[in-house]
Amino acid sequence: RTIKRQMIVLQAHRCRDGGDLKKATRLYEEAANLGSAEGLYNLAVFYGRSDRGLVRDFARANELLHKASAQKPFVQISGTNLPITNIGVA
C-alpha cells in the first residue's frame with residue numbers, strides 16, 4: 001500500500017510539473033484518500049492557491065495539513081524492516 005501511494009504521488013508530481021493540474025489534483029486526491037501524507041500536503045497546497053485549478057479554500061487546506069502532520073514521521077514498506085521518511089509530515 002505504501003508503494004502504491006508513493007507511485008500515485010510521483011505520477012501527480014509529473015503531471016503538476018508538466019502543467020496538467022487537473023490530473024495532478026485527481027491523483028493527489030487519490031493518494032490522500034489512501035492516507036499519503038505527501039498527497040494530503042500537496043492537495044492542501046492546491047486548495048491554498050487559486051492558480052492550481054481549485055477554488056481557494058483555506059479551511060479545507062488546513063484540514064488536509066492537519067491530517068498530514070498527524071502521521072508518523074516514518075513509514076515502513078510492508079514485508080521489510082526498512083523505514084522511509086513520510087514526506088509531508090510536519
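Quick note: numbers below take in every heavy atom, side chains included, and nothing from hydrogens, waters or symmetry partners.
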* Main-chain N/O of Glu29 paired with Asn33 side-chain donor or acceptor, under 3.5 Å -> yes
Quick one: are [X] and [Y] in side-chain contact, heavy atoms under 4.5 Å?
X	Y	answer
Leu64	Tyr41	no
Asn42	Arg16	yes
Leu54	Thr25	yes
Leu34	Ile8	yes

To check you understand the geometry: which heavy-atom pair defines the closest contact between [X] and [Y], and what is its length?
X	Y	value
Ala12	Ala24	O-CB, 3.6 Å
Gly39	Ala31	CA-CB, 4.2 Å
Leu40	Ala32	CD2-CB, 3.6 Å

* To do: Ignoring hydrogens and angles, state whether a donor on the side chain of His13 or Asp17 is under 3.5 Å from an acceptor on the partner side chain.
  => no
* To do: Enter the distance from Cys15:SG to Lys22:NZ here, rounded to the nearest 0.5 Å.
  => 13.5 Å
* **Euclidean distance, Leu10 CG relative to Ile3 CD1, rounded to 0.5 Å** => 11.5 Å
* **Arg60 and Glu63 ion-paired at < 4.0 Å** => yes
* Start with the C-alpha distance between Glu30 and Arg5, add both sets of side-chain angles, then the distance that settles side-chain contact (heavy atoms from CB on, under 4.5 Å), and finish with yes or no. => CA-CA 8 Å; Glu30 184 178 345; Arg5 290 187 306 216; over 6 Å; no
* Begin from the C-alpha positions of Phe46 and Leu21 and carry the test side-chain contact (heavy atoms from CB on, under 4.5 Å) through to its verdict. => CA-CA 9 Å; Phe46 275 33; Leu21 299 179; 4.2 Å; yes
